[in-house]
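For reference, the structure is listed below as structure tokens.
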Amino acid sequence: MRISTYIRALLRNEKKFVLFLIGGYLLLTLLCFFILLLPFSRQQDVSLIDHIFFSVSIVSTTGLAPGNFNETYSFIGKLISLFFIQLGGVGYMALCSFILLRKHSYLPLISKKLLNLEFSLPQKYPQVAFIYSVFVFTLLIEIIGAVFLYVGFKDAGVANPLWNAVFHSVSAFCTAGFSLFNNSLVDFNTNSLITNTIVVLSLFGSIGFIVLSDFWLKLWRKRSKVTLTSKIILVATITFIIFPTLMMFVSDVNFFAQGSDGIELSFFQVVSAHTTVGFNTYDLSSLKSTSVFILIIVMVIGASPAGTGGGIKTTSVTALYAVLVAILKRQKRIRFLSKQIPDTKIYLAVASSIFYTVILIVGVWIVLIFDGANFSLAQIVFECSSALSTVGLSTGITPELTPVSKIVISFLMFIGRLGVLTFGLALVSKVPVLNNKIETEDIAV
């Protein structure tokens, strides 16, 4: 079959189209795996399963590690890992579309469909402007972040401050959570310049390119107002950071006893979990059960669509909240911020939430079978939630997991990067087309 004939067939068959996107990320993961296996990429040997685990974690921008990342790979290996983190963070279809736009003034239909699936873009969203915004904002934010981190690392006496600054800036914005320090950012928990820069970078990556693009166009008066999606994302992001931070601070004596320092530590860990960046400034194995519970909830909720983070997504959770309010108030139409939410988005929010829960339950169950005697239920739920939401936080059990559990965690990370709904669509015989006859303002879910 000729390529043009195959592409036409692909566009007619939505399931093959979904599988095409999955195959792309699988190819990236395999490529990362084989390159990191080469002698010049490694400085110490690890098992084959651990190499697979590292590769999936890198491409999915999760940050969970079955060993010491800094000691496992050489400088070349870490540089290659950074490339795949960047590629996994901005999305390989975004890169392909950007390359196409440099040669042509339009996007092929297959690129448009893959972009909508990869980034969960609202209908009729200007894709060409979106693609350019992805790369402009990525480059701009990461460079500025690297400058601030360079100053922070240099003042802290860190060796190779420029390399550390660039690596952690990219890792933070792509919400990857990989660090060149053995204990993440624990040694810098009192360095406000470093921790605040990481927070800002992760928030920019988490809220997504839709918000960044909307405000940029609004600033330059190319758009009269920001989209409903951006408004929902900002409201949800603020809500899911402030309240969990306060809950974590007052319920965990380790934080409460430290006063204002405890608030800063709580804030950083909640932001790290919500944005799915995965850095930590506190030894998570010392967390009280209340803090573990709060972080699990925040990780499950996750970041926002069209960004670099994972999870159910803030817009989906917001849509579910709007459904609950409508039911309690006996309203026929579901609204949020005085705007009606399309029925199709409600269906997608419910479907993604249910499917996420099912996948998480199955993952926890399998890991419990092989590691239930070694770790507590809370530790395993925390690990699986972190993997499926591509967060990268861990209570320290990752290296001690059995090979089967590591494979399960790797599978969860891969699904999390694709999006649970994308994975679910690949399992059904036919992708449904949901029509919405009521004219409403569209949002991303």
Side-chain angles (χ1 to χ4, degrees), residues 10-22 91 93 109-127 130 207-211 213-214 225-236 301-307 310-359 415 418-445:
L10 179 65
L11 293 174
R12 289 194 299 267
N13 190 320
E14 295 292 337
K15 183 179 179 180
K16 288 183 179 179
F17 160 69
V18 173
L19 292 175
F20 187 83
L21 182 65
I22 295 175
M93 272 314 304
L109 181 58
I110 187 172
S111 297
K112 293 180 179 180
K113 288 198 170 188
L114 286 169
L115 277 173
N116 283 333
L117 181 61
E118 185 175 24
F119 287 98
S120 301
L121 295 177
Q123 294 179 5
K124 299 180 180 180
Y125 197 85
Q127 292 177 325
F130 176 79
I207 61 176
F209 297 105
I210 290 178
V211 176
S213 179
D214 279 352
K225 61 179 182 179
V226 298
T227 62
L228 177 60
T229 295
S230 293
K231 295 177 182 178
I232 291 176
I233 288 172
L234 292 176
V235 170
I301 294 172
S304 302
I312 293 177
K313 304 296 186 183
T314 52
T315 46
S316 292
V317 176
T318 303
L320 295 179
Y321 168 77
V323 171
L324 176 62
V325 171
I327 292 174
L328 293 177
K329 293 184 176 181
R330 298 184 178 181
Q331 297 174 340
K332 293 183 179 180
R333 295 185 178 180
I334 300 171
R335 296 178 177 273
F336 190 82
L337 298 179
S338 302
K339 297 289 185 179
Q340 184 177 348
I341 299 178
D343 293 341
T344 53
K345 301 305 178 182
I346 299 298
Y347 300 149
L348 291 174
V350 172
S352 61
S353 301
I354 292 175
F355 201 60
Y356 180 100
T357 304
V358 171
I359 294 175
I415 295 175
L418 290 171
V420 292
L421 200 56
T422 301
F423 179 74
L425 293 176
L427 298 179
V428 299
S429 58
K430 184 179 181 180
V431 177
V433 178
L434 301 174
N435 294 316
N436 184 29
K437 297 181 180 180
I438 301 177
E439 185 176 352
T440 57
E441 185 168 351
D442 193 27
I443 64 171
V445 175

Partners passing side chain to side chain donor-acceptor pair (under 3.5 Å) against T318 (at least two apart in sequence or in another chain):
none

Report the distance from atom CZ of R333 to atom CG of D343, rounding to the nearest 0.5 Å.
9.5 Å

Would you please name every residue forming a side chain to side chain contact (heavy atoms under 4.5 Å, CB included) with K332, sequence neighbours left out?
none

To the closest 0.5 Å, what do you measure between OG1 (T315) and NZ (K231)?
16.0 Å

Donor-acceptor pair, distance only, cut-off 3.5 Å: does the side chain of S213 make one with the backbone of I210?
no

Quick one: side chain to side chain donor-acceptor pair (under 3.5 Å) partners of S353, sequence neighbours excluded?
none

If the condition is side chain to side chain contact (heavy atoms under 4.5 Å, CB included), which residues does A326 pass it with, not counting sequence neighbours?
Q331, I334

Identify the two heavy atoms, one from A322 and one from R335, that lie closest to each other, and give their separation to 0.1 Å.
CB-O, 3.6 Å

Atom of I233, atom of P305 and distance for their closest heavy-atom approach
CD1-CD, 4.2 Å

Those residues that, when tested against I354, pass side chain to side chain contact (heavy atoms under 4.5 Å, CB included) (two or more places apart):
V350, V358

Supply the atom-to-atom distance R330 CZ to L328 CG, rounded to the nearest 0.5 angstrom.
10.0 Å

Of I232, V325, L228, which is the lone residue that meets side chain to side chain contact (heavy atoms under 4.5 Å, CB included) with F336?
I232

Could you state the interatomic distance from CD1 (I301) to OG (S316), rounded to the nearest 0.5 Å?
11.0 Å

Here the gap from F209 atom CZ to D214 atom CG, rounded to the nearest 0.5 Å, amounts to 13.5 Å

Under the side chain to side chain contact (heavy atoms under 4.5 Å, CB included) test, residues paired with L234 that sit two or more places apart:
V211, F215

